[in-house]
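Right, one structure below, let's go through it.
In what follows, every chain begins at residue 1, and chains take the letters A, B, ... in the order their sequences are listed.
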Amino acid sequence: MNINIEGYGMQNFDDSMIAIAIAKELDKEAAKAYCAVQVGDKVQGLAYQPQDGETLKFLTFADDGGAHAFRHSSSHIMAQAIQHLFPDTKFGIGPAIKDGFYYDLDSEHIFTEEDLAAIEQEMKKIIKANYKFERAEVDRSEALKYFADKDEIYKVDLIEHLPEDAVITFYTQGDFVDLCAGPHLLSTGSVKAFKLMSLAGAYWRGDSDNKMLQRVYGTSFPNKEELDAYLFKLEEAKRRDHRKLGQELELFLLMDEGPGFPFFLPKGMVLRNQLENYWREEHAKWGYSEIKTPLILNRALWERSGHWDHYKNNMYFTQIDEGDYAVKPMNCPGCMLTYKAKPHSYKELPLRLAEMGIVHRHELSGVLHGLMRVRCFTQDDAHIFMTEEQIKEEIIGVTKMIDSFYSLFGFNYHVELSTRPAKAMGSEEIWHMAEAVLAEAMQEMSKEYVINEGDGAFYGPKLDFHLEDSLGRTWQCGTIQLDFQMPEKFDLSYIGADNQPHRPVMIHRVIFGSIERFIGILIEHYAGAFPLWLAPVQAKVLTITDRQNEYAAAVAAQLAQAGIRVELDDRSEKIGYKIRAAQTEKIPYMLVVGDKEAEDGTVALRKRAEGDLGVFATADVIKRLQEEIASKAQ
RNA sequence: GCUGGAAUAGCUCAGUUGGUAGAGCAGCUGAUUCGUAAUCAGCAGGUCGCGUGUUCAACUCACGUUUCCAGCUCCA
C-alpha cells in the first residue's frame with residue numbers, strides 16, 4: 001500500500017503493517033517518541049492499520065494530539081490503580097486536560113492526600129507491567145450489559161447518551177476495561193513520569209443539580225525533566241500569586257468583615273491611580289467624555305433594564321423612604337438615563353460616554369478569589385451610541401485602543417467572537433449583520449479570532465479579548481458588545497439629517513475589564529516588580545551612616561519636588577541591610593549616599609534588576625527617572 | 001451554593017495520648033557608624049477565627065458558625 005507520511009513523502013509498505021511498524025521502519029529512534037498518529041483530521045492510536053492512499057502524521061508529546069493520548073492513557077492507568085485499591089469505586093469520566101488529566105469517582109471512601117501516594121505506588125506497578133492498551137469495538141447492548149452488570153451507573157449513563165450510530169469502543173489494559181473513544185498509547189510502560197496533583201469535587205456531567213463526585217487530578221510527561229519543569233512552573237506561579245504579593249507589598253487587603261470587598265492600601269492606590277490616570281488621558285485622546293452615575297438607583301429603572309427580572313440573584317437591594325432600590329451591578333442603565341436626558345442630533349454621533357463604574361454583584365461565596373473575583377469592582381466602562389453605518393469604524397477604533405493598552409504592559413492576547421445564543425432577543429437578520437460587522441472589523445485589522453458559536457449575550461454578539469500573562473495563562477479582560485436591546489428598552493433616539501427620530505446602535509466596552517482584576521493580573525505578570533511608571537515607590541534614598549542623614553533628606557526632597565515617589569531609609573543599619581529591604585520591596589531605584597556623595601552633591605545609583613550603576617549628579621538621576629517614567633517603559 | 005481541606009503574634013510557621021502557648025522575621029529601645037541582598041543585645045507582642053457542648057481541665061475532642069484554600073458550577 002502507498003502511504004503519504006508527513007516529513008517523508010509517499011512511501012510503499014506491506015498491507016498488514018500498523019502505524020508503529022511503519023514508524024519504526026522509517027526511523028527507529030524517532031518512533032520511540034511517538035504517542036499517536038494523525039490520519040486526515042482524526043487522531044488514532046499507533047496500532048492503527050492504515051489504508052492505501054492515506055496521509056499519516058506521527059504525533060509526539062509536543063503535539064496536542066500526542067499529549068492528549070498520553071494523558072488520557074495516564075488517566076486510565078490511575079483508574080486501574082484505584083480499582084485495585086478501592087474496588088467499590090464507580091467511575092465517571094477520565095479525560096486528558098490542558099496540563100494533565102483527571103478521573104471522576106463515586107465512592108463511599110473519601111479520598112485523601114495519603115491515598116494519592118498509595119495510588120501512585122500502584123500506578124508504578126501498572127506502568128512496570130507494561131500492559132497493552134487493547135481496543136475493541138463493542139455492540140451497544142453488549143456494552144450496556146457489561147457495565148450494568150458491574151453496576152457502573154455512570155458508564156451506563158454515558159452509553160445511553162451516545163448517538164444511535166456511535167461506534168462504541170472499549171479499551172482494555174490488563175484487568176481494567178473502560179468505555180473510551182481513545183486513542184491511547186501502545187502500552188502503560190510509556191508513561192515515564194507522572195504525579196497525582198490534587199483532589200476536588202466535581203458535579204456529574206458538570207451540572208450542579210447532579211451528584212458531586214470526587215475528582216483526582218494528575219499530570220504526566222514522557223520524562224522526569226519535563227515533569228520537573230512543569231512543577232517548577234507551578235511553584236513560580238505560586239510565588240507570583242497576587243494574594244501573596246498583595247500582602248507582602250502592602251497593596252490591598254481582604255478582611256473577614258467584607259468577603260469579596262477588597263481594601264486598597266496606600267501603595268495599591270498609587271498603582272490604581274496610575275492606571276486610572278493613564279486611562280483618562282487615553283480616553284480624552286480617543287474622543288470619550290467621562291461621566292459618573294449613582295451607585296444606587298430605584299426599582300423602576302432596574303425593571304426597565306431587565307435586571308430586576310434576570311439578574312436579581314446577583315444584586316444587592318436596599319430601601320429608601322419605603323421605596324425599593326438596588327445597588328448597581330452594571331453601569332449601562334445609568335448611562336442610558338444620561339443619554340436620554342436631552343435630545344441628540346446625528347451630528348453628535350458617535351457619542352462615547354466613559355465611566356469608571358463601581359459595581360456590586362453578589363457572587364457565590366465559593367468563587368471569590370483575591371482581586372480576580374470579587375463582589376465589588378470597578379469597570380472601565382464606556383457606552384458608544386452611533387448609527388449603524390458607524391459600527392465598523394467604532395469597533396476598529398476600540399480594538400486599536402485595546403491593542404495599545406495591552407501592548408503597553410507587554411501582554412499578548414487573542415480575540416474571540418461570540419455569536420447568537422439560543423435565547424437571543426432581536427431578529428436573526430440584525431444578528432447576522434452585527435456578527436458580520438464584528439468579523440469584518442477583525443479582518444480589516446488582520447486580527448486572528450476564534451468563533452464561539454452561540455456564546456453571545458442575549459442582547460447582542462461580542463468580541464472578547466483574552467490576554468496572556470508572563471506565565472502563559474490567559475485572562476478575559478476586554479470586551480466589545482453590540483447591544484440592540486438597551487436602546488430599544490430605553491427608547492433612545494437621535495434626530496437624523498432627515499429631521500426624523502432614529503434608534504441609535506450601542507456598544508458596551510471595557511478595556512481593563514475590572515480595575516481590580518487587572519491589578520491582580522499585573523501583580524502576577526510583573527511578579528510585583530512593576531515598571532517605574534507604576535511602581536508605588538519609585539526610588540529610595542539609603543544612607544551609609546548617620547552623617548549623611550541631612551544630605552539624604554535633601555536628595556529625597558529634591559526627587560519628591562520633581563514628582564518622583566521617593567522614600568528615605570536613614571535607619572542606623574548597614575547598607576547591605578537597607579539594600580536587601582529595598583530589593584524585597586521591589587523598589588526600582590536605590591540612591592545610596594555616603595560621605596563622598598554628600599561632599600560632591602551626587603548619588604550612587606542602584607537599579608533593582610541590574611545592581612550598582614555608579615555615581616551620578618542628583619539632577620541627572622532625576623532627569624533619567626523622569627524620562628523613564630514618561631516613556632512608561634517595561 | 002456544592003465537595004474536600006485549613007484557621008495559633010503584623011508575617012511565615014512549631015506546639016508531642018487534653019494539663020490555659022513557642023521560634024524566626026517585622027516592630028520598639030539601646031549599642032554600633034559600617035560602601036551595594038540580613039550587626040549585636042534587650043523589650044514588647046496571642047480570649048490559639050467565633051459560639052455551644054463534653055471534661056476536674058480544651059489550642060488539642062464533638063457539634064454549629066464565619067472566613068480562607070483547592071476544585072466544581074458561575075464570571076469582569
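Base engagement by V374(A) is indicated by at least one non-hydrogen atom pair under 4.0 Å involving a base atom. Residue G366(A) is in base contact, counting any heavy-atom pair closer than 4.0 Å across all strands shown. Counting non-hydrogen atoms under 4.0 angstrom, R373(A) reaches a base of the nucleic acid. Using a 4.0 Å heavy-atom cutoff across all strands shown, D207(A) reaches no nucleic acid atom at all. In this structure, V367(A) reaches the bases: a heavy-atom distance under 4.0 Å links it to at least one base atom across the strands shown. Counting any heavy atom pair closer than 4.0 Å across all strands shown, E113(A) reaches no nucleic acid atom. Residue contacts for K578(A): at a heavy-atom cut-off of 4.0 Å it reaches no nucleic acid atom on any strand shown. Residue contacts for G594(A): at a heavy-atom cut-off of 4.0 Å it reaches a base atom on one of the strands shown. Nucleic acid contact for R608(A): none, since no nucleic acid atom lies under 4.0 Å from a heavy atom of the residue. Using a 4.0 Å heavy-atom criterion, one finds that A581(A) contacts no nucleic acid atom at all. Residue I544(A) is in base contact, counting any heavy-atom pair closer than 4.0 Å across all strands shown. Here Q476(A) lies in heavy-atom contact (under 4.0 Å) with sugar-phosphate atoms only.
Taking the P atom of each, C43(B) and C63(B) are spaced 43 Å apart, rounded to whole Å. Spacing between U65(B) and C2(B) at atom P, rounded to whole Å, works out to 10 Å. Between the C1' atoms of A44(B) and U29(B), the separation comes to 10 Å (whole Å). Comparing the same atom, C1', in U73(B) and in A14(B) gives a spacing of 38 Å after rounding to whole Å. When the P atom is used for both C11(B) and G49(B), the distance is 13 Å, rounded to whole Å. Across the P atoms, C61(B) and G71(B) are found 27 Å apart, a figure rounded to whole Å. Of the C1' atoms belonging to A23(B) and G46(B), the separation is 14 Å, rounded to the nearest Å. Rounded to a whole angstrom, the distance from the P atom of G5(B) to that of A9(B) is 23 Å.
Applying the 3.5 Å distance criterion, the base of G71(B) shares no donor-acceptor pair with the side chain of Q214(A). One cannot find a donor-acceptor pair under 3.5 Å joining the base of U33(B) and the side-chain atoms of R547(A). No donor-acceptor contact under 3.5 Å links the side chain of Y102(A) to the base of G71(B).
Within the 3.5 Å criterion, the main-chain N or O of T545(A) finds a donor-acceptor partner in the side chain of Q548(A).
No more than 12 heavy atoms of other residues, nucleotides or ligands sit less than 6.0 Å from atom CD of E550(A). Within a 6.0 Å sphere centred on NZ of K312(A), other residues, nucleotides and ligands contribute more than 12 heavy atoms.
Proximity of Y217(A) to the phosphate of C72(B): a side-chain N or O atom is located under 4.0 Å from OP1 or OP2. Considering only side-chain N and O atoms, Q548(A) lies nowhere under 4.0 angstrom from the phosphate OP1 or OP2 of U33(B). At the phosphate of A26(B), OP1 or OP2 sits under 4.0 Å from a side-chain N or O atom of Y577(A).
Between Y278(A) and F405(A), the ring center distance clears the sub-6.0 Å criterion. In this structure, the ring of H466(A) has its center no less than 6.0 angstrom from the ring center of Y413(A).
C40(B) is paired with G30(B) under the Watson-Crick or G-U wobble criterion, all donor-acceptor distances under 3.5 Å.
Between the side chains of D309(A) and W302(A), no donor-acceptor pair of N or O atoms lies under 3.5 Å.
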List every contact pair, protein side and nucleotides 67-69 of chain B side both N or O, where the distance is under 3.5 Å.
unit_1 : atom_1 : unit_2  : atom_2 : d
U67(B) : O2'    : D256(A) : OD1    : 2.7
C69(B) : OP1    : R243(A) : NH1    : 2.8

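With salt bridges taken as basic N to acidic carboxylate O contacts below 4.0 Å, one links E276(A) and R280(A).
Relative to the ring axis of F264(A), R272(A) places its NZ or CZ within 45° and under 6.0 Å from the centre. By the 6.0 Å and 45° rule, R71(A) does not stack over the aromatic ring of F101(A).
Along RNA chain B, the nucleotide nearest Q379(A) and the nucleotide nearest D595(A) are compared for position; the residue whose nucleotide lies closer to the 5' end is D595(A). Between Q247(A) and I110(A), the one whose closest nucleotide on RNA chain B sits nearer the 5' end is I110(A).
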